Amino acid sequence: MKFHPAVAEFEKLVSNNGYRKTVEEWLRYSWRWATREKYKLVFKIQAAALRAIREFLDSQGFVEVLSPIVGPVTDPGIRGAKQAQIDFYGAPYKVMSSAILYKQYMAAALGKIYFVSPNLRLEPPESIYTGRHLVEFYQVDVEIYKGTYRDAMDVAERLTTYVVKYIRDLYGKELEKLDRNLWEFKKPFYRYSHREVVKLAHDLGCRNPTNGELTWECEKIISAYHDAPVFIYEYPKGSRGFYDREDPQRPGVLLDFDMLYPEGFGEAISGAEREYEPEKVIQRMRESGEDPTNYQWYLQMLRELYPLQTAGFGIGVERLTRYLCGLRAVWEARPYPKLAGIVGTP
Ligand code: AMP
Ligand code: MG
């Protein structure tokens, strides 16, 4: 188990009584640190990472598409976070927790697409202790028409490898100032099925339900156990949103994946093949507690564009920046950071 020093420092900070106060001040007076040399560099690296992402995806034939900001529905599969709502001319609209449901028809139109989209999630209060959860964050959201989740994993692997190399080439010297020893990613990344990773977590002393997402604690341990990125694939049904496709040959097994950064930085990416049979989608909605009548346009779209078979993933931009720069937490990787329950900040 090897935690990056910045991750270890974060753990120490969290265990102090004064942690909440430290974070509140960090958020409340964010101009004070954002104007320091260190963070000027961080935000330049963030801009370069976005440039690298666009360069890579554009070179692979992806088309950047503008994402919606609000809509009648948004991603319900957000692990305990709440959605924010606005009054849209008398109709309750949601602010995008992720624009996942809106990617599919533009993928049908253009083949391979991506958003650079702002997301809002009212995360639970305990999320301020993970170092990985903001309330406002950006996601690069990728979708491939007629792709499989293996295709999406392949793009994720090549994309992150490209970005790390780009930043090393451009900022190698400056990264030393951040005490960041950034290793190039080597393909193939580690790969475990969900079943295998739960067993590994148990062997490392972290108990995880066999039918659920990795807990935040086990995710951190699996991440720290590896010196290179880790794919976890085929999550059990019930652990993810209704849109992750269930394998028709293996009921209960989802055709999806996560990618974790090494060194204890935790989750980088979630992705999947999409459920697209309208009747099956309705069944999955019901099973996950969603009311299909709220998803009228989505179901109509699935019928009209049948078979709307796509796969894709989302990568968080602040988490990527945290990893590239070796920062303590995501709130150091974003101007105007917002965390659960902390109000009155820029
Ligand atoms: P999800 O579909 O919930 O896994 O979100 C997709 C990606 O967005 C994740 O893999 C993270 O990189 C990022 N992400 C999700 N939630 C947050 C959050 N609260 N703060 C920062 N990044 C997030
Ligand atoms: Mg996820």
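Order of listing sets the numbers, starting from 1, for every ligand and every atom in it. These numbers come from a predicted model, not from an experiment. Because only heavy atoms are used, hydrogens play no part in the values below, and waters and symmetry mates are left out as well, while side chains stay in.
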What do you reckon, does I78 have a nitrogen or oxygen under 3.5 Å from a nitrogen or oxygen of ligand 1? no

Between E213 and S239, is there a side-chain donor-acceptor contact under 3.5 Å, judged purely by atom types and distance? no

Heavy atom of Q139 under 4.0 Å from ligand 1? yes

Which is it for Y192 and H226 under the side chain to side chain donor-acceptor pair (under 3.5 Å) test, yes or no, and what are the steps along the way? CA-CA 12 Å; Y192 301 92; H226 293 87; 2.6 Å; yes

Is the NZ or CZ atom of R32 both under 6.0 Å from the centre of the six-membered ring of Y29 and within 45° of that ring's axis? yes

Close approach of S98 to ligand 1, heavy atoms, under 4.0 angstrom: no

Here's one to test your reading of the geometry: is the NZ or CZ of R132 within 45 degrees of the ring axis of F137 and under 6.0 Å from its centre? no

Check contact between I269 and ligand 1, using heavy atoms of the residue and a distance below 4.0 angstrom. yes

When you compare ligand 1 with A268, is there at least one nitrogen or oxygen pair between them that comes in under 3.5 angstrom? yes

Return the closest protein heavy atom for atom 20 (N) of ligand 1 as residue, atom name and distance. L134 N, 2.9 Å

By ring-ring contact (aromatic ring centres under 6.0 Å, His included), which residues pair with Y149, not counting sequence neighbours? none

Flag for R245-Q309: side-chain donor and acceptor within less than 3.5 Å: no

With the threshold set at 4.0 Å, does a side-chain nitrogen-carboxylate oxygen contact exist between E263 and K220? no

Under 3.5 Å between some N or O of ligand 1 and some N or O of S270? yes

Within 45° cone and under 6.0 Å: R20 NZ/CZ vs Y129 ring: no

Salt bridge between D141 and K103, side-chain N to carboxylate O under 4.0 Å? yes

Among side-chain atoms of D75 and Y243, is any donor-acceptor pair under 3.5 angstrom? yes

Can you tell which of Y114, F115, Y102 makes a side-chain contact (heavy atoms from CB on, under 4.5 Å) with S67? F115

Would a distance-only check, ignoring hydrogens and angles, find a side-chain to backbone donor-acceptor pair under 3.5 Å from S288 to F242? no

Ligand-side contact atoms (ligand 1) for residue partner E267, heavy atom cut-off under 4.0 Å: 4 (O), 9 (C), 10 (O)

Closest protein heavy atom (residue, atom, distance) for atom 5 (O) of ligand 1: R121 NH2, 3.6 Å

Looking only at protein heavy atoms, which one is nearest to atom 7 (C) of ligand 1, and what is the separation? G314 O, 3.8 Å

Cation-aromatic face contact R328/F10, 6.0 Å, 45 degrees: no

Around the Mg ion (ligand 2), number of protein N/O/S atoms which are nearer than 2.8 Å: 2

For atom 14 (N) of ligand 1, grab the closest protein heavy atom and report residue, atom and distance to one decimal in Å. F137 CE1, 3.4 Å

Quick one: does R79 get a heavy atom under 4.0 Å from ligand 1? no

Name the closest protein heavy atom to atom 11 (C) of ligand 1, giving the residue it belongs to and the distance to 0.1 Å. R319 NH1, 3.4 Å

Please state which part of E318 comes within less than 4.0 Å of ligand 1, counting heavy atoms only: side chain, backbone, both or neither. neither

